[in-house]
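This report concerns only the one structure given below.
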Amino acid sequence: MTDGIAWDPLRHELDRWQAAGRVARFWLRDDDAVEPTRALETLMALAGESEVPLTLAVIPGLTGDALAVRLGEEADVAVAVHGWSHTNHAGPEAKKQELGGERPVEVVLGELREGFRLLERLHPARFLPVLVPPWNRIDAGLIPALPGLGFAALSVYGRAKQGGPVPLLNTHVDIIDWHGTRGGRGGAELVAELVAELRDRFAGSDEPVGVLTHHLVHDAAAWDFLSALFAITARHPVVRWSAASELLGP
């Protein structure tokens with residue numbers, strides 16, 4: 001796939017950035033990490049080969065020492081807080097949500113506080129004070145309380161709206177077909193989304209393009225796309241894959 005026509009639109013867009021003397025910034029977030037698995041090993045190997053920093057959204061209530069020990073061997077892996085237990089508390093007709101208004105605010109914030117402290121203790125050298133809500137959803141009424149819990153940023157899905165109570169570090173291109181095969185989406189469709197995001201940045205936005213993965217459900221199509229994306233972008237001089245900690249600033 002790396003040599004196929006499907007990647008030409010991305011190559012051409014990156015060439016346009018090069019001609020303009022611009023730098024295209026990307027970052028990688030992978031959700032639902034809990035423990036060492038073969039899929040996680042594959043993801044870290046792919047990212048490491050292309051020197052792509054990886055942010056793992058770890059589920060605090062389901063993880064433990066095994067993941068902490070394994071990640072201690074990795075230089076470019078950071079850990080963010082993925083809610084508490086990735087439990088859906090929404091009603092049967094509502095979209096799935098753990099951090100919603102169905103439960104008392106103090107209960108939800110108490111879980112987030114505990115998750116923050118747990119991951120900070122387990123991963124002291126790679127912990128990021130970033131909240132990644134399960135299913136990328138959080139009740140708006142909870143967001144003003146996040147800085148008081150220690151969170152420096154919130155990471156959901158879609159173009160970021162600035163000016164809120166906490167900075168946003170969002171993802172924009174999800175490689176999984178959640179409403180169909182629940183495996184990797186079509187390469188041409190994903191390339192088109194990447195190009196659209198880059199064109200938005202070229203027109204003036206300075207938001208880095210966030211690529212979202214879920215290693216536990218990757219099929220061959222997902223792995224092939226990710227491998228090709230890393231290979232192509234690693235070879236292009238205008239691309240910079242940034243660590244989330246770098247994007248957060250001081």
Check your understanding: So, W223 versus T42: side-chain donor-acceptor pair below 3.5 Å or not?
Key -> no
If we only count heavy atoms from C-beta on, is the [X] to [Y] side-chain gap below 4.5 Å?
| X | Y | answer |
| --- | --- | --- |
| P133 | L154 | yes |
| V211 | T171 | no |
| R11 | H236 | no |
| D177 | R182 | no |
| L109 | E106 | no |
| L131 | V166 | no |

Review point. Testing V34, L67, T87 for side-chain contact (heavy atoms from CB on, under 4.5 Å) with L62, which one passes?
Key: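 Exactly one pass, corresponding to V34.
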Set of residues satisfying side chain to side chain donor-acceptor pair (under 3.5 Å) with respect to [X], sequence neighbours excluded:
| X | value |
| --- | --- |
| R240 | E246 |
| D219 | none |
| E51 | none |

Answer yes or no: is there an ion pair linking [X] with [Y], defined by an N-O contact shorter than 4.0 Å?
| X | Y | answer |
| --- | --- | --- |
| R199 | E13 | yes |
| R159 | D200 | yes |
| R137 | E98 | no |
| R103 | E111 | yes |

Output yes when a side-chain donor or acceptor of [X] lies under 3.5 Å from a complementary backbone atom of [Y], and no otherwise.
| X | Y | answer |
| --- | --- | --- |
| E207 | A160 | yes |
| S50 | V52 | no |
| D31 | A57 | no |
| S155 | L169 | yes |
| R22 | R201 | yes |
| T213 | H215 | no |
| R70 | D65 | no |
| N170 | V156 | yes |
| H172 | G210 | yes |

ILVMFWY network linking [X] to [Y], side-chain heavy atoms under 4.5 angstrom:
| X | Y | answer |
| --- | --- | --- |
| W7 | W17 | yes |
| V81 | L146 | yes |
| V238 | V23 | no |
| L229 | L43 | yes |
| V217 | Y157 | no |

Practice item. May I ask you to check whether W178 and H214 place their ring centers less than 6.0 Å from one another? Key: yes
Rounded to the nearest 0.5 Å, how far does [atom2] of [Y] lie from [atom1] of [X]?
| X | Y | atom1 | atom2 | value |
| --- | --- | --- | --- | --- |
| H218 | L40 | NE2 | CG | 11.0 Å |
| L118 | E114 | CG | CD | 7.0 Å |
| I138 | N136 | CD1 | CG | 11.0 Å |
| R113 | F151 | CZ | CZ | 10.0 Å |
| L122 | L71 | CG | CG | 10.0 Å |

Practice item. With side-chain hydrogen bond (donor to acceptor under 3.5 Å, both in side chains) as the test, would you mind laying out the steps for W241 and T233 before giving the verdict? Key: CA-CA 9 Å; W241 284 92; T233 54; 2.9 Å; yes
Practice item. Kindly indicate, with the supporting measurements, whether the criterion side-chain contact (heavy atoms from CB on, under 4.5 Å) is fulfilled by L54 and D76. Key: CA-CA 6 Å; L54 169 63; D76 287 325; over 6 Å; no
Show the nearest heavy-atom pair for residues [X] and [Y], with the distance to one decimal.
| X | Y | value |
| --- | --- | --- |
| T55 | A80 | CG2-CB, 4.1 Å |
| L10 | L198 | CD1-CD1, 3.6 Å |
| S242 | P53 | C-CG, 3.9 Å |
| I176 | A222 | CD1-CB, 4.3 Å |
| A153 | L248 | CB-CD2, 3.4 Å |
| K96 | N88 | CA-OD1, 3.3 Å |

Point to revise | Evaluation steps, side-chain contact (heavy atoms from CB on, under 4.5 Å), between S245 and L128 | key: CA-CA 7 Å; S245 57; L128 280 176; 3.8 Å; yes
Check your understanding: Step by step, would you call F116 with L149 a side-chain contact (heavy atoms from CB on, under 4.5 Å)?
Key -> CA-CA 8 Å; F116 184 107; L149 300 180; 5.5 Å; no
Exercise for review: Would you please test E120 and H123 for side-chain contact (heavy atoms from CB on, under 4.5 Å) and show each step?
Suggested key: CA-CA 5 Å; E120 187 179 36; H123 306 274; over 6 Å; no
Practice item. Would you check, one step at a time, whether the test ring pair (Phe, Tyr, Trp, His ring centres under 6.0 Å) holds for H82 with H86? Key: CA-CA 7 Å; H82 200 26; H86 214 300; 5.0 Å; yes
Practice item. Find out whether the Lys NZ or Arg CZ of R185 is both under 6.0 angstrom from the six-membered ring centre of F225 and within 45° of the ring's axis. Key: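 No - R185 does not lie over the ring of F225 by the 6.0 Å and 45° rule.
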